[in-house]
2 protein chains.
Amino acid sequence: MSKYEKACLIRGDGGRAVRGVLDRIGDKWTLLVVATLHGERMRFTELLRRIPGVSQRMLTLTLRHLERDGLVGRTVYAEVPPRVEYELTATGRTLIGPAVALAEWAIEHNAGIERSREAYDGAGRGEAGPPQG
Amino acid sequence: MSKYEKACLIRGDGGRAVRGVLDRIGDKWTLLVVATLHGERMRFTELLRRIPGVSQRMLTLTLRHLERDGLVGRTVYAEVPPRVEYELTATGRTLIGPAVALAEWAIEHNAGIERSREAYDGAGRGEAGPPQG
DNA sequence: CCGAATCCGCCGGGATACTG
DNA sequence: CAGTATCCCGGCGGATTCGG
């Protein structure tokens with residue numbers, strides 16, 4: 001794939017495709033939920049425990065969005081203590097690939113980006129090389 | 001890579017890595033700017049024209065963030081009509097890969113997701129099976 | 001146990017006007 | 001041409017409370 005073709009893929013029709021997927025997964029919890037759900041069904045409280053920092057409200061909202069988009073399936077068991085289980089759909093599982101690519105990029109470049117930020121903030125950033133070059 | 005390993009990559013240390021990269025590229029214009037800059041240096045106004053809908057303010061902010069993170073380089077030419085050119089750094093170029101993966105996923109599943117949404121919104125969504133199995 | 005409802009602070013981001 | 005400064009609004013997301 002040429003550089004030109006790659007850029008076109010991303011920019012698409014004014015970037016609508018990429019904007020759409022980022023609107024979908026760019027929020028605070030979606031990718032974490034998807035990753036946590038990867039490979040096993042799980043009930044609400046279990047998700048709540050496994051995802052540190054998420055509130056009941058946000059977990060519910062995130063799951064609803066994912067369900068609406070057909071990425072997550074929801075099963076309710078009519079029991080005395082209510083039980084609800086969530087699982088990735090086939091479509092939902094396909095999201096893991098791009099998500100992993102993103103995660104790997106993040107892990108690989110995080111340190112460098114951090115250093116770049118410090119340099120940028122530290123220097124007058126109109127001149128001056130990085131502080132540790 | 002096993003399912004477990006993939007999930008770990010994304011969830012990392014409480015999902016910090018993924019959260020970081022989404023904070024960085026999850027906003028409205030960053031990926032568009034990166035894609036547009038892919039393969040060619042470009043000046044401010046050129047970017048402004050090529051990215052439909054972006055405002056001067058947001059383009060400036062986005063470029064500053066990218067510069068701070070070391071993903072974009074900025075060159076100022078001291079000429080009578082001011083001229084500033086932007087280009088991807090080596091690190092910036094590595095972002096294209098994951099971005100393309102995301103774009104491909106978006107393009108491939110957009111239609112299905114759209115249908116799922118309509119079905120979800122249309123149905124009482126308390127019953128009724130999915131429209132396409 | 002699961003989730004809906006309400007209240008509220010914060011900030012992303014658009015429009016506009018001004019500068020060098 | 002290439003920004004900077006200011007105003008404003010919508011909604012994301014946290015805390016808390018109530019319902020089945």
Side-chain angles (χ1 to χ4, degrees), chain A residues 14-16 18-33 36-37 41-69 72-87 120 124-126, chain B residues 14-16 18-33 36-37 41-69 72-87 120 124-126:
Chain A
R16 281 246 296 274
V18 172
R19 281 296 339 128
V21 70
L22 285 181
D23 286 343
R24 185 142 39 249
I25 67 155
D27 64 16
K28 200 166 178 180
W29 303 108
T30 294
L31 274 194
L32 288 207
V33 170
T36 307
L37 240 29
R41 314 175 82 229
M42 207 171 295
R43 51 197 297 185
F44 187 83
T45 314
E46 182 73 11
L47 278 167
L48 206 56
R49 282 194 306 110
R50 298 242 231 187
I51 304 178
V54 72
S55 64
Q56 280 197 4
R57 173 188 142 88
M58 288 318 294
L59 182 54
T60 301
L61 282 180
T62 304
L63 287 168
R64 285 297 165 282
H65 293 333
L66 286 169
E67 190 193 355
R68 190 170 100 105
D69 290 348
V72 154
R74 178 171 180 266
T75 312
V76 183
Y77 297 88
E79 300 176 353
V80 186
R83 191 168 115 240
V84 180
E85 288 191 353
Y86 296 90
E87 63 187 326
Y120 185 94
R125 110 267 208 205
Chain B
R16 281 244 296 274
V18 172
R19 282 291 344 125
V21 68
L22 284 182
D23 286 344
R24 184 142 40 245
I25 67 153
D27 64 18
K28 199 164 177 181
W29 302 108
T30 294
L31 276 194
L32 269 304
V33 170
T36 307
L37 239 28
R41 316 175 81 229
M42 208 172 295
R43 50 199 296 187
F44 188 83
T45 313
E46 183 72 10
L47 278 168
L48 206 57
R49 283 192 306 109
R50 297 242 233 187
I51 303 178
V54 71
S55 64
Q56 279 198 5
R57 174 187 139 88
M58 288 317 296
L59 182 55
T60 301
L61 283 179
T62 304
L63 286 168
R64 284 297 166 280
H65 293 331
L66 286 169
E67 189 192 356
R68 189 171 101 106
D69 290 347
V72 154
R74 178 171 180 268
T75 313
V76 183
Y77 298 87
E79 301 177 351
V80 187
R83 190 167 117 236
V84 180
E85 288 190 352
Y86 295 91
E87 62 188 327
Y120 186 95
R125 111 268 204 204

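Numbered from 1 within each chain, the chains take letters A, B, ... in sequence-line order. Atoms considered below: every heavy atom in the structure, side chains included; atoms not considered: hydrogens, waters and symmetry mates. The shown structure was predicted, so the numbers you read here are calculated from the model rather than taken from an experiment.
Put simply, CD1 on A:I25 is 16 Å from P on D:dC12, counting in whole angstrom units. Atom CG in B:L59 sits about 14 Å away from atom C1' in C:dG14, given to the nearest Å. Rounded to whole angstrom, the span from the CG atom of A:L63 across to the P atom of C:dC1 amounts to 16 Å. In this structure, CG of B:L22 is placed 15 Å from C1' of C:dG12, rounded to the nearest angstrom. Rounded to an integer number of Å, the gap from B:R43 CZ to D:dG3 P is 10 Å. Residue A:D23 contributes atom CG, which lies 14 Å from atom C1' of D:dG10 at whole-angstrom precision. Residue A:M42 contributes atom CE, which lies 17 Å from atom C1' of C:dC1 at whole-angstrom precision. B:R64 has its CZ atom 14 Å from the C1' atom of D:dA5, to the nearest Å.
Every residue meeting the side-chain contact (heavy atoms from CB on, under 4.5 Å) condition with B:D69, not counting sequence neighbours, appears here in chain and number order: A:I113, A:R117, B:R24, B:L71. Applying the side-chain contact (heavy atoms from CB on, under 4.5 Å) rule to A:Q56 yields the partners A:F44, A:L48; only residues at least two apart in sequence or on another chain are considered. A:R50 is linked by a salt bridge (Lys or Arg N to Asp or Glu O under 4.0 Å) to A:E40, A:E46, counting only residues two or more places apart in sequence or in another chain. With sequence neighbours left out, the salt bridge (Lys or Arg N to Asp or Glu O under 4.0 Å) criterion links A:E85 to A:R41, A:R83. Residues passing the salt bridge (Lys or Arg N to Asp or Glu O under 4.0 Å) test with A:R57, sequence neighbours excluded: none.
Across the interface with DNA chain C, nearest-nucleotide mapping of A:R19 and A:Y86 shows A:Y86 to be the residue nearer the 5′ end.
Side-chain contact check for A:E87 versus A:V72: every heavy-atom pair is 4.5 Å or farther apart.
Among the protein residues, B:Y77 comes within range of no part of the nucleic acid, since none of its heavy atoms lies under 4.0 Å from any strand.
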* Structure fact -> A correct 5'-to-3' footprint of nucleotides 13-20 of chain D, with B, S and - meaning base, sugar-phosphate only and no protein heavy atom under 4.0 Å, is BBB----B
